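Fair warning: this is a prediction, and the values are worked out from it, not measured in the lab.
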Amino acid sequence: MTYRAPIADMLFTMRHVAGLDEGIASGLYPDLADGVAESVLEEAGKFAADRLAPLNAAGDRQGSTVKDGVVTTPDGWREAYTDWAAAGWGSLAATPDYGGQGLPNLLSAACNEIWDAANMAFALNPLLTIGAIEAIAVHGTDALKQAYLPKMISGEWTGTMNLTEPQAGSDLSALRTRAQPAGDGSYRITGGKIFITYGEHDLTENIVHLVLARLPDAPAGTRGISLFLVPKFLLDAEGRPGKRNDVRCASIEHKLGIHASPTCTMAYGDHGGAVGWLVGEENKGLACMFTMMNNARLGVGLQGVAIAERAYQQALAFAGERRQGRPPGVTGAEMSPILRHADVKRMLLDMRSKTAAARAICYAVAVALDKAKRLADPAARKAALEEASLLTPVAKAFSTDIGIDVASTGIQVHGGMGFIEETGAAQHYRDARIAAIYEGTNGIQSIDLVTRKLPLADGAAVARLIARYRAAAERARLLNDQAFGRVGQRLSDGVAALERATAWMQRALTDAPGDALAGATPYLRLFGVVAGAAYLAENALAARVAAAAGDADPAHAERLRDCRFFVENQTTQADGLEAAIVEGGDTVTGAFGDAA
């Protein structure tokens with residue numbers, strides 16, 4: 001079963017959660033008026049269905065291979081990438097100063113969801129390139145921008161992120177890669193990096209590595225890390241790839257999933273040092289890299305949404321074809337499609353509603369990022385950036401957890417056939433599993449949320465979001481509409497639990513930081529559940545208005561059903577999550593020996 005982008009659902013969420021229509025009317029999105037968003041997504045959906053999705057299972061089986069440092073991607077990969085880049089897909093949100101289209105993050109995010117759903121292993125390459133472009137555009141010198149950005153934005157060259165080393169996973173203070181000034185403005189990089197996505201491949205003529213390393217006199221810890229641009233091929237006088245730099249792929253990893261994506265071990269400086277150039281200021285590399293990582297964290301959250309959507313589509317199709325037993329009240333000799341059984345319906349509703357909730361959270365981040373760049377009022381831009389910063393760890397962690405959960409349920413819908421590779425259900429689960437780990441594990445996202453993001457604007461940022469969620473709950477609660485069931489009350493209860501847990505967390509950060517960290521993961525889950533429920537309520541309320549105005553789209557009933565199912569089955573966890581947050585610290589901090 002292939003993939004078809006859910007364009008209608010994506011656009012509805014863009015309009016009524018992310019505020020696309022309001023943004024067009026207010027001037028935030030003049031470049032998306034007159035059906036531009038619809039046209040772009042339709043074309044993206046066609047390319048994904050026709051070119052990328054058919055390569056997904058075959059690429060998983062074949063995988064990427066390495067021989068003598070040369071990585072070969074699966075059959076069809078190079079041709080698909082060349083056509084993808086030639087169509088301009090990699091330049092959507094990039095700066096027009098160097099050949100980009102300058103379109104909003106919201107549109108780029110929706111397209112990224114489509115690429116990831118069609119073929120996550122393929123889409124990892126442009127995901128890292130987009131992040132590298134952003135880092136160079138914000139922090140690079142004019143010379144570096146002019147030399148590298150046009151080719152990266154066009155897709156002729158790709159980019160990577162080189163952070164991790166064997167002794168330094170999430171703890172970047174332990175990095176050992178060295179950078180020695182060469183006296184001519186360049187540096188010589190020596191050391192090794194692991195887990196480098198598309199660190200070597202055959203898709204483009206050059207690869208631009210962004211590498212974290214230490215200068216000889218650098219301070220200890222993360223304060224002594226600098227960022228360097230290290231190309232695979234040094235550029236000649238005409239700006240074309242020339243001499244091979246002193247960097248190579250030593251091996252590629254054999255992984256649980258994303259087999260077609262080469263995850264490389266990189267060696268720098270076998271022959272004296274790879275030539276690199278400083279990006280940003282000396283010893284300020286971590287701040288530069290976070291520009292790239294924050295971009296990538298939303299992208300990884302969208303991977304969770306995408307895999308969930310792909311798994312749901314496949315499970316729904318299978319449930320409509322597979323016949324087994326008969327539900328109560330059905331007679332006759334013929335077995336019924338399993339789609340008729342209540343438990344299968346429940347699983348499919350669970351899959352679809354969780355996917356919709358995660359999508360809404362990710363799109364909310366994308367529009368907040370657009371407002372932070374495009375609004376005229378500095379105070380409004382600041383508030384939007386705070387919202388984006390607050391929601392980014394939620395988007396990354398909650399959505400990738402959802403991707404794993406939904407892909408696992410997809411296997412369950414398939415029954416025994418889901419455990420067999422030929423159906424493809426297992427690949428979605430294997431591919432989804434990495435997203436909760438890379439770009440900062442979900443535990444790190446939870447710590448980031450409670451220690452760095454809740455204090456933003458002295459708590460005003462989180463208060464604004466909670467107020468929005470409370471308003472959605474109140475609108476649903478005041479409706480005299482039986483179709484909304486218990487949405488208003490359940491969501492009100494969930495928002496109240498989030499508000500109480502947030503107040504406790506803000507106090508605990510000062511009074512009992514160990515307990516705050518112990519409760520960080522359930523807190524992020526509570527935040528994601530309530531945010532997703534509120535956004536689905538906004539979607540359902542908009543669908544109700546459209547239906548009352550005479551719009552007979554049958555999808556409106558599905559949006560209300562998704563909202564009801566998610567709110568009435570997920571927000572009921574809120575009180576239990578709150579209890580785990582505020583009462584569970586001592587069960588964690590004293591475990592496995594001395595808490596210190």
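Around the CZ atom of Arg452, the shell of radius 6.0 Å holds no more than 12 heavy atoms that belong to other residues, nucleotides or ligands. Within 6.0 Å of the CD atom in Glu38, the count of heavy atoms belonging to other residues, nucleotides or ligands exceeds 12. Enclosure of atom CG in Asp34 is not indicated, since only 12 or fewer non-hydrogen atoms of other residues, nucleotides or ligands lie within 6.0 angstrom. The local environment of CZ in Arg433 is sparse, with at most 12 non-hydrogen atoms from other residues, nucleotides or ligands closer than 6.0 Å.
Proximity of a side-chain donor or acceptor of Arg559 to a complementary backbone N or O of Ala540 within less than 3.5 Å is not detected. The closest donor-acceptor contact from the side chain of Arg310 to the backbone of Ala117 lies under 3.5 Å.
Nearest heavy atom pair, residue Ala432 against residue Ala407, reads CB-CB, 4.5 Å. Across Ala123 and Asp116, no two heavy atoms sit closer than the pair CB-OD1, 3.1 Å. Shortest non-hydrogen contact noted between Leu298 and Cys362 is CD1-O, 3.6 Å. Minimum interatomic distance between Ala364 and Glu387 (heavy atoms only, all atoms of both residues): O-OE2, 4.4 Å. Across all their heavy atoms, Met120 and Asn56 have their closest contact at N-OD1, 4.2 Å.
Between Glu558 and Arg352 the shortest side-chain heavy-atom distance falls below 4.5 Å. No side-chain heavy atom of Ser261 sits under 4.5 Å from any side-chain heavy atom of Asn125. In this structure the side chain of Arg475 never reaches within 4.5 angstrom of the side chain of Arg477, judged on heavy atoms. Residues Ser108 and Leu103 fail the side-chain proximity criterion, which asks for heavy atoms closer than 4.5 Å.
Between Phe566 and Phe398, the ring planes are perpendicular. Angles over 60° get that label, and only those under 30° would be called parallel. Aromatic ring pairs are classed by plane angle as parallel below 30°, tilted from 30° to 60° and perpendicular above 60°; the pair Phe12 and His16 is tilted.
Leu52 pairs with exactly one of Phe47, Tyr81, Tyr3 by the side-chain contact (heavy atoms from CB on, under 4.5 Å) rule, that one being Phe47.
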**OP:** Any chance you could lay out the side-chain hydrogen bond (donor to acceptor under 3.5 Å, both in side chains) test for Asp370 and Tyr29, step after step, and finish with the verdict?
**Re:** CA-CA 9 Å; Asp370 286 331; Tyr29 290 137; 2.6 Å; yes
**OP:** Determine, step by step, whether Gln101 and Ser91 satisfy the side-chain hydrogen bond (donor to acceptor under 3.5 Å, both in side chains) criterion, reporting the C-alpha distance in whole Å, the side-chain angles of both residues, the deciding distance to 0.1 Å, and the verdict.
**Re:** CA-CA 6 Å; Gln101 301 177 54; Ser91 68; 2.9 Å; yes
**OP:** Applying side-chain hydrogen bond (donor to acceptor under 3.5 Å, both in side chains), run through Thr13 and Asn539 and close with a yes or a no.
**Re:** CA-CA 7 Å; Thr13 302; Asn539 250 2; 3.3 Å; yes
Original post:
Stepwise, does the salt bridge (Lys or Arg N to Asp or Glu O under 4.0 Å) test hold for Glu134 with Lys373?
Top reply: CA-CA 13 Å; Glu134 181 78 3; Lys373 289 183 178 179; 3.6 Å; yes
Subject >> CA sep, side-chain torsions, deciding dist, call: Tyr523, Thr502, side-chain hydrogen bond (donor to acceptor under 3.5 Å, both in side chains) >> reply: CA-CA 8 Å; Tyr523 178 80; Thr502 300; 2.7 Å; yes
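For residues 519-531, no pair satisfies salt bridge (charged side-chain N to carboxylate O under 4.0 Å, His left out), with sequence neighbours left out.
Neither side chain, Asn442 nor Thr521, offers a donor N or O lying under 3.5 Å from an acceptor on the other.
Partners of Phe318 under the ring pair (Phe, Tyr, Trp, His ring centres under 6.0 Å) rule, at least two apart in sequence or in another chain, are His414. In this structure Tyr535 satisfies the ring pair (Phe, Tyr, Trp, His ring centres under 6.0 Å) test together with Tyr469, sequence neighbours excluded.
The OG1 atom of Thr571 sits 6.5 Å away from the CG atom of Leu491 when rounded to the nearest 0.5 Å.
A cation-pi contact, defined as under 6.0 Å to the ring centre and within 45° of the axis, is absent between Arg564 and Phe484.
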